[in-house]
Amino acid sequence: MNITINNWKIQVNEVATVLDIAAQNNIDIPSLCAHPDLIPYGGCRLCIVEIEGRRGYPTACTTMVEEGMIVRTDTQILQEMRRDMIQLILSEHPAACLMCDDVDGCTVFQETIRKVGITTGCRWCPKDKDCELQRIVEQLGIKELTLPGLYRDIPLEKYDPFFDRDYNLCIYCGRCVRICDEYRKSSVLSLRQRGKLTTIGPAFEASHIDADCEFCGACVSVCPTGAMSEKSRKWWGVPEKYEPSVCPLCSLNCDLQVLTLKNKIVGTVPPGKPHESGGELCVKGRFCLSELVNRTDRILEPQYLYPEGYGIVSWDFAIEKAREIIQGIVPKRSAVYISPSLTLEEISSAGIFAGNILQTSELTSSYIDEKLAAYVNLAKESIALEEVKEAGIIVSIFLNGNYNFAPLTMAIKSAAASGTPYYQIGWINDTASRFARYKVVPFPGKEEKYLNQIISFLENGQSKIQEIRELASALKNTKRGVILVGPQIMSLSNCTGLLDKVHQIVKLTKSKLFMPDQFGNLNGLLSLLKMKPVEEVNRKIKEGKIDLLYLIGDAPVNGRPDVKHLIYQNAFPAPSELNPDVILPTSLWGETGGSYLNSNGTIKKVNPVAVSHGYARSHIEVFSGLAKALKTEDVGFSDEVLTNYISDQMKIKKHILNVIPPAKSKAFSTGSEFPYVLIQEKNPHVYSNLNLGQGIAAFGDLIKPGHVMLNPNDAKILEVKDGDPVKLRSPVKESKFHVVARKNIPRGYIYLITSNSKLEFESNPCYINIMKDHV
Amino acid sequence: MESSNVSFSEIFKMYPVEEGSLIPILQKAQATFGYISVESVEAIAGYLKLTENHVFGVASFYSQFRFTEPARHSVIVCLGTACHVSGGETLLETFQRDLNIKPGECTPDKKFDLNRVACLGCCALSPVVKIDDDIYAKVNIIKLKEMWGKYE
Ligand code: SF4
Ligand code: SF4
Ligand code: SF4
Ligand code: FES
Ligand code: FES
């Protein structure tokens with residue numbers, strides 16, 4: 001089809017809007033409410049154009065191109081009308097930054113004498129120089145305000161984590177509301193009331209946390225003005241670079257862009273042009289990464305443990321000390337912990353180092369226990385994420401998608417919204433719950449029995465329970481059934497038994513499986529190295545068979561095991577009581593390049609985008625330094641060696657982990673003495689040896705590690721408010737916690753994300769008594 | 001709680017789970033309970049599988065829905081063009097000051113709640129105030145003080 005825009009003849013081969021086609025051909029039509037991820041809205045009316053043969057001034061964002069269309073986008077009258085519209089917007093939008101006579105000089109050398117400080121000065125908008133409204137004002141050449149101004153005086157909203165809101169700067173383009181609703185399917189924001197009284201936000205005056213916001217930051221990314229701003233980089237100014245990268249915070253390894261300023265990582269956003277990036281990430285990839293690399297407690301210099309305590313030492317000295325230790329160790333008498341957050345290259349170098357220099361095969365990670373082994377062995381059958389979107393029916397089992405696995409939860413939500421039946425098995429509600437046909441709530445402690453009933457229905461077609469009949473026959477009779485299992489299942493006492501049952505259901509129904517995990521490169525770690533469960537290695541340590549424990553981005557959970565020497569190579573400080581002999585600071589994600597093997601089996605590469613903090617070195621550099629000191633230079637760590645190592649190991653099928661049969665889990669006791677059901681979750685979000693819930697305060701505000709979460713109605717009955725102390729008592733244990741009321745916790749349940757990698761109570765789920773603690 | 005739950009299940013029985021049911025259910029809830037409470041929003045959202053935020057956004061768009069418990073007497077001050085010109089604003093301010101509440105709120109003793117409206121359709125009588133079902137015409141401040149003394 002052929003159309004003409006501003007006398008340019010343009011060939012169009014797709015169904016598209018006039019605005020899209022103009023943009024593709026570098027014809028700039030001012031627009032504020034349009035966004036590539038959103039359904040055209042026609043709200044701001046800035047994109048008006050003239051089309052020959054049509055009456056009035058249609059909006060380009062809502063008008064589809066048609067054969068022979070003749071469009072003008074920049075006539076005098078159009079520009080005049082646009083200016084009038086901007087004047088209307090500016091009458092309600094603080095505009096000092098746009099109209100000041102000194103604006104040009106001010107940005108360069110701040111010539112104006114001001115009575116105010118820089119941060120509170122007249123250029124006080126966090127989006128200054130990065131604002132779409134500013135750009136349009138400039139484009140239209142507006143130099144003065146023609147209408148009287150009105151300041152709406154809406155109180156700032158600073159009480160939620162990660163981003164602030166100042167709706168005095170809002171121009172009601174509705175992008176935030178729409179991306180949250182259409183794209184994320186979270187519907188946290190709505191336009192409340194109307195006309196002059198319109199405000200944006202959740203129901204009543206709820207905070208975002210209480211309104212089930214996922215803190216995905218989609219609304220912040222798409223906001224054209226400074227109404228929404230990221231707390232962590234609010235006053236940093238416009239980022240210099242947008243560098244493509246990959247998220248290392250779970251097995252989905254989402255694509256993202258790293259924003260840098262003066263070689264420092266200041267933020268991360270989903271792919272796409274600035275302001276056009278949408279909402280593909282979860283809160284971890286969107287907000288936690290920059291906080292993580294910029295943590296102030298990172299180790300910046302090598303340290304050595306002298307008899308009188310730690311001293312900061314030079315790299316040469318530290319390497320020398322490490323060399324002395326390593327040289328004194330007999331082959332096979334060392335053990336290595338390796339983090340599942342490292343890149344393939346780092347993991348390979350660790351493997352080469354362990355195999356050829358330490359000469360040991362005692363490789364493990366603190367996270368690899370018998371449950372994880374059972375989980376990843378089954379997860380090997382996982383399909384690609386894209387196939388979830390094509391599912392004919394979806395069943396999720398103990399998957400908690402809150403603050404997590406965004407592409408997966410979005411796939412579930414959009415499939416369900418377009419009619420794919422979705423069933424959710426589990427106790428806690430998450431962002432996808434309201435899309436479920438129904439939520440299956442197995443009797444706590446009887447989860448395995450529940451799955452068994454599904455299996456027996458599949459085998460002999462009989463069940464007394466209507467729900468089971470419906471779910472099982474739907475799964476069996478629908479093509480492309482997909483079963484999702486969440487890593488939360490690993491915290492349950494009978495995890496291995498449950499996974500067994502899941503496997504049977506998968507086989508009986510010929511469904512596909514998708515099982516994400518919370519590690520950036522566990523897939524890579526298990527593909528490259530033959531890892532042992534941590535219990536097995538720890539047993540060796542207990543038996544006195546290990547002299548050196550070498551920790552690479554990982555650490556044992558219970559303080560220092562009984563070994564002669566301990567070398568700690570990491571970016572984050574060692575847990576207390578670990579007391580390593582030598583501490584070697586390393587760089588983090590973003591500071592070294594590398595690749596990750598995601599759950600689709602695809603290798604994703606990242607480039608370094610920032611300089612290492614302090615004197616930190618990459619793991620690979622540390623190993624080659626050690627090899628040199630040990631005069632084992634024949635063991636190479638060059639890019640070529642590592643690349644070959646990776647491709648050799650990848651040819652082997654993923655190593656199977658040994659599953660050590662778990663100890664028999666204790667019996668549950670029910671009854672009125674223990675009326676509540678406690679669900680625990682351990683280690684939900686980790687990077688290297690850092691627990692994100694503890695390491696990033698704002699993220700901690702969301703998942704509240706170490707707090708007990710309960711339904712607001714239960715809180716009312718117990719007469720407790722957020723932050724109050726409570727006592728939890730199980731048949732064998734009693735412990736004190738603070739409470740948080742959250743609506744996604746069903747009544748009668750208590751949810752506890754543990755603050756370390758151990759469960760607090762004897763079984764999970766666990767029947768429990770809760771009482772207000774009168775101190 | 002209990003009794004309102006019961007009536008909710010009765011209300012819900014009449015409407016299918018689809019977005020089109022939202023407004024009719026809101027109207028029914030308002031008619032049944034007199035206003036749209038936090039609990040109503042929660043229950044309606046749960047039934048229609050929408051978020052509470054969405055339900056509230058839709059409901060608050062329409063001035064027919066109120067979100068505070070109605071008081072024993074409802075005061076409505078007209079601020080339509082005619083009433084505005086003849087002093088409606090002053091009447092509203094007087095109510096606000098004397099009752100110490102803002103439009104949309106209700107006095108702590110639940111005696112009066114205050115709302116404004118854009119034209120009651122009897123502009124010839126402006127400025128107009130409506131208390132419950134009574135229309136007061138050509139109101140001034142003195143008359144106004146007399147008026148509300150009649151209500152218990
Ligand atoms: S952060 Fe995400 S979920 Fe929360 S309001 Fe914004 S778009 Fe919606
Ligand atoms: S907050 Fe931003 S995105 Fe949302 S309506 Fe206002 S200007 Fe638009
Ligand atoms: S879903 Fe996983 S990979 Fe994607 S942003 Fe979140 S943590 Fe990162
Ligand atoms: S961009 Fe077309 S109306 Fe806003
Ligand atoms: S303006 Fe008040 S009744 Fe019409």
Side-chain angles (χ1 to χ4, degrees), chain A residues 172 174 176-178 180-182 184-214 219 413 416-417 419 421-422 424 429-439 711-714 716-717 741-744 746-747, chain B residues 1-2 4-5 8 12 16-23 25-26 29-30 35-69 79-81 84 89 92 102-106 114-119:
Chain A
Y172 299 107
C176 55
V177 176
R178 290 180 292 142
C180 187
D181 182 45
E182 285 170 21
R184 296 288 308 199
K185 304 230 165 1
S186 298
S187 293
V188 172
L189 304 173
S190 59
L191 288 158
R192 298 173 300 201
Q193 301 200 306
R194 64 183 160 152
K196 183 169 105 183
L197 300 173
T198 309
T199 54
I200 286 175
F204 300 97
E205 297 292 314
S207 71
H208 276 45
I209 291 190
D210 288 339
D212 296 330
C213 169
E214 300 184 82
C219 50
K413 291 192 273 188
Y422 168 52
Q424 192 175 52
N429 293 321
D430 74 355
T431 169
S433 295
R434 89 186 150 91
F435 291 85
R437 282 276 163 96
Y438 55 74
K439 190 170 168 82
N711 186 281
N713 290 315
D714 288 342
K716 219 178 272 167
I717 292 171
R742 289 279 167 87
K743 276 197 214 141
N744 66 319
R747 293 193 68 171
Chain B
M1 271 305 281
E2 214 58 277
S4 71
N5 272 342
F8 260 120
F12 292 153
V17 180
E18 56 188 34
E19 215 184 320
S21 303
L22 178 53
I23 301 219
I25 292 182
L26 282 166
Q30 167 124 329
Y35 74 116
I36 307 291
S37 65
V38 177
E39 290 76 22
S40 306
V41 170
E42 197 177 322
I44 295 169
Y47 176 68
L48 293 180
K49 301 195 174 194
L50 300 168
T51 67
E52 291 164 33
N53 312 310
H54 182 104
V55 171
F56 182 78
V58 170
S60 69
F61 182 83
Y62 298 97
S63 50
Q64 57 171 297
F65 298 118
R66 49 174 305 149
F67 301 96
T68 44
E69 200 180 337
L79 289 180
T81 317
H84 196 282
E89 193 81 39
L92 183 68
K102 288 203 277 297
E105 291 178 353
C106 143
L114 179 61
N115 280 290
R116 55 184 162 205
V117 69
C119 193

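As the structure is a prediction and not an experimental result, all values here were calculated from the model.
- Taking every heavy atom of both residues into account, B:Ile36 and A:Phe204 meet most closely at O-CZ, 4.4 Å.
- Most heavy-atom pairs under 4.5 Å with chain B, from the set A:Ala206, A:Ala436, A:Gly201, A:Ala203: that is A:Ala203.
- B:Val58 does not touch chain A: none of its heavy atoms, backbone or side chain, sits under 4.5 Å away.
- Between B:Leu22 and B:Val55 there is a side-chain heavy-atom pair separated by less than 4.5 Å.
- Looking at heavy atoms from C-beta onward, B:Ile44 lies in side-chain contact with B:Phe12 at the 4.5 angstrom threshold.
- Contact between A:Pro712 and A:Ala741 at its shortest, heavy atoms only, is CA-CB, 3.9 Å.
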Donor-acceptor pairs under 3.5 Å, chain B versus chain A:
unit_1, atom_1, unit_2, atom_2, d
B:Lys49, O, A:Arg434, NH1, 3.1
B:Lys49, NZ, A:Ala436, O, 2.4
B:Lys49, NZ, A:Arg437, O, 3.2
B:Thr51, OG1, A:Ser187, O, 2.7
B:Glu52, OE1, A:Lys743, NZ, 2.8
B:Asn53, O, A:Ser190, OG, 3.0
B:Asn53, OD1, A:Ala203, N, 2.9
B:Asn53, ND2, A:Ser187, O, 3.0
B:Asn53, ND2, A:Val188, O, 3.4
B:Asn53, ND2, A:Ala211, O, 3.4
B:Ser60, OG, A:Gln193, N, 2.7
B:Phe61, O, A:Arg194, NE, 2.9
B:Ser63, OG, A:Arg194, NH2, 3.4

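- Closest heavy-atom contact between A:Ala417 and A:Phe435: CB-CE2, 4.1 Å.
- Atom CD1 of B:Ile23 is separated from atom CZ of B:Phe61 by 9.0 Å, given to the nearest 0.5 angstrom.
- For chain B, no part of A:Ile200 is nearby; none of its heavy atoms comes within less than 4.5 Å.
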